Amino acid sequence: MAGFFGSVLQWFIGIFFSKSAEIAVIGIQASGKTSFVNVIGSGQWSEDVVPTVAFNFRKVRKGNITLKIWDVAGQPKFRSMWERYCNGVDAIVFVVDTADKEKFNSARFELHQLLGQPSLAGVPLLVLGNKSDIEGHASVKELIKELQLDKITDRPVSCYSCSMKNQHNLGVIMQWLSDRGH
């Protein structure tokens, strides 16, 4: 009987103390955006991920937070859509492959161009330096420098190293997203 009351109490708490957040997950192609969404949604990492075409939408409930996630394609022909999916979200998650340093210039350009859009002023930014399990990856400090994150002053900015493959820093990232919810 105690188990039943515990379940009812958890259900009741979930109703009245739950949060929701809508996020847009963006970044240039092959950075690990869809892997991030899949790991959050299922807790599983897979090497067999099909590149996103246009966008995917997913609703995920983790504990007392419900995330509405826009996973937007990163190929050049889809980058013009980023603003549309970032408009009105609680946070922008920009995923970068820290092991592919040759794409940093492109990532920096695309990120700053997007953040320059007036409709996105003040939207919090979370930069995820993905693939930190690969030897030679850029550190968070290098990523901040290369993407010029220190020059972004019109919004809260956070940057974390992560690896979707081994789910490194996933708890910290989920807490950050939860704090942006309402």
Side-chain angles (χ1 to χ4, degrees), residues 19-41 45 52 55-74 79 82-100 103-104 106-117 119-133 137-182:
K19 291 182 175 184
S20 66
E22 187 170 350
I23 63 172
V25 180
I26 59 168
I28 61 176
Q29 69 273 16
S31 58
K33 299 174 298 296
T34 302
S35 292
F36 170 67
V37 174
N38 289 344
V39 166
I40 287 176
W45 180 82
T52 301
F55 72 92
N56 290 316
F57 178 79
R58 191 159 180 186
K59 194 173 184 177
V60 174
R61 183 158 176 103
K62 286 287 188 190
N64 68 339
I65 184 167
T66 300
L67 292 174
K68 297 175 186 172
I69 306 169
W70 295 99
D71 173 13
V72 187
R79 293 176 192 167
W82 287 0
E83 180 187 6
R84 181 178 335 151
Y85 291 98
C86 292
N87 196 356
V89 298
D90 297 300
I92 297 169
V93 178
F94 190 78
V95 183
V96 180
D97 178 348
T98 59
D100 193 352
K103 290 185 180 175
F104 285 0
S106 179
R108 178 183 59 246
F109 173 80
E110 297 294 345
L111 175 63
H112 286 270
Q113 184 161 324
L114 176 70
L115 297 180
Q117 301 300 318
S119 65
L120 303 180
V123 177
L125 173 67
L126 172 61
V127 176
L128 296 182
N130 192 23
K131 304 182 186 181
S132 65
D133 57 314
H137 72 275
S139 67
V140 168
K141 189 174 183 177
E142 290 174 286
L143 201 54
I144 291 169
K145 180 182 176 196
E146 292 295 326
L147 296 182
Q148 299 177 352
L149 300 180
D150 54 338
K151 293 184 178 181
I152 301 170
T153 58
D154 66 338
R155 70 193 69 237
V157 178
S158 295
C159 183
Y160 292 102
S161 173
C162 65
S163 169
M164 291 307 115
K165 186 174 184 177
N166 61 26
Q167 299 184 22
H168 169 70
N169 266 347
L170 192 58
V172 172
I173 294 163
M174 288 302 297
Q175 183 61 51
W176 190 94
L177 293 171
S178 175
D179 291 345
R180 301 301 162 293
H182 49 277

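Keep in mind that this is a model prediction, so the values were computed, not measured. Position 1 is the first residue of the sequence; numbering continues from there. The figures that follow rest on heavy atoms only: side chains count, while hydrogens, waters and symmetry mates do not.
Among all heavy-atom pairs drawn from Ile65 and Ala21, the shortest one is CD1-CB, 4.4 Å. Looking at every heavy atom in both residues, Val127 comes nearest to Leu147 through CG1-CD1, 4.0 Å. For the pair Gln117 and Glu83, the tightest heavy-atom approach, listed with the atom from each and the gap, is OE1-OE1, 3.3 Å. Nearest heavy-atom pair across Lys131 and Ala30 is NZ-O, 2.8 Å. Here the closest non-hydrogen pair linking Val157 and Ile152 is CG2-CG2, 3.6 Å.
Contact of the Ile26 side chain with the Cys86 side chain is registered, since non-hydrogen atoms from C-beta on lie closer than 4.5 Å. In this structure, the side chains of Thr98 and Ser161 stay at 4.5 Å or more apart for every pair of heavy atoms. Ile69 places a side-chain heavy atom less than 4.5 Å from the side chain of Ile23. Residues Gln29 and Arg79 have side chains in contact (heavy-atom distance under 4.5 Å, counting atoms from C-beta outward). When side chains are defined from C-beta on, Val96 does not count as touching Lys103, because their heavy atoms never get closer than 4.5 Å.
Below 30°, between 30° and 60°, or above 60°: for Trp82 and Phe94 the angle between ring planes is above 60°, a perpendicular geometry.
Between the side chain of Asp90 and the main chain of Glu22, a donor-acceptor pair closer than 3.5 Å is present. Within the 3.5 Å criterion, the main-chain N or O of Asp97 finds no donor-acceptor partner in the side chain of His137. At least one donor-acceptor pair under 3.5 Å links the side chain of Glu142 to the backbone N or O of Ser139. Judged by distance alone, the side chain of Lys33 and the main-chain N or O of Ile28 form a donor-acceptor pair under 3.5 Å. Without hydrogens or angle criteria, Arg155 side chain to Leu120 main chain gives a donor-acceptor distance under 3.5 Å.
The NZ atom of Lys145 lies 12.0 Å from the CZ atom of Phe104; values are rounded to the nearest 0.5 Å.
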*Let me see the working for Leu115 and Asp154 under side chain to side chain contact (heavy atoms under 4.5 Å, CB included), right down to the final yes or no.*
CA-CA 9 Å; Leu115 297 180; Asp154 66 338; 5.7 Å; no
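No more than 12 heavy atoms of other residues, nucleotides or ligands sit less than 6.0 Å from atom NZ of Lys68.
Donor-acceptor pairing under 3.5 Å is lacking for the side chains of Asn130 and Ser31.
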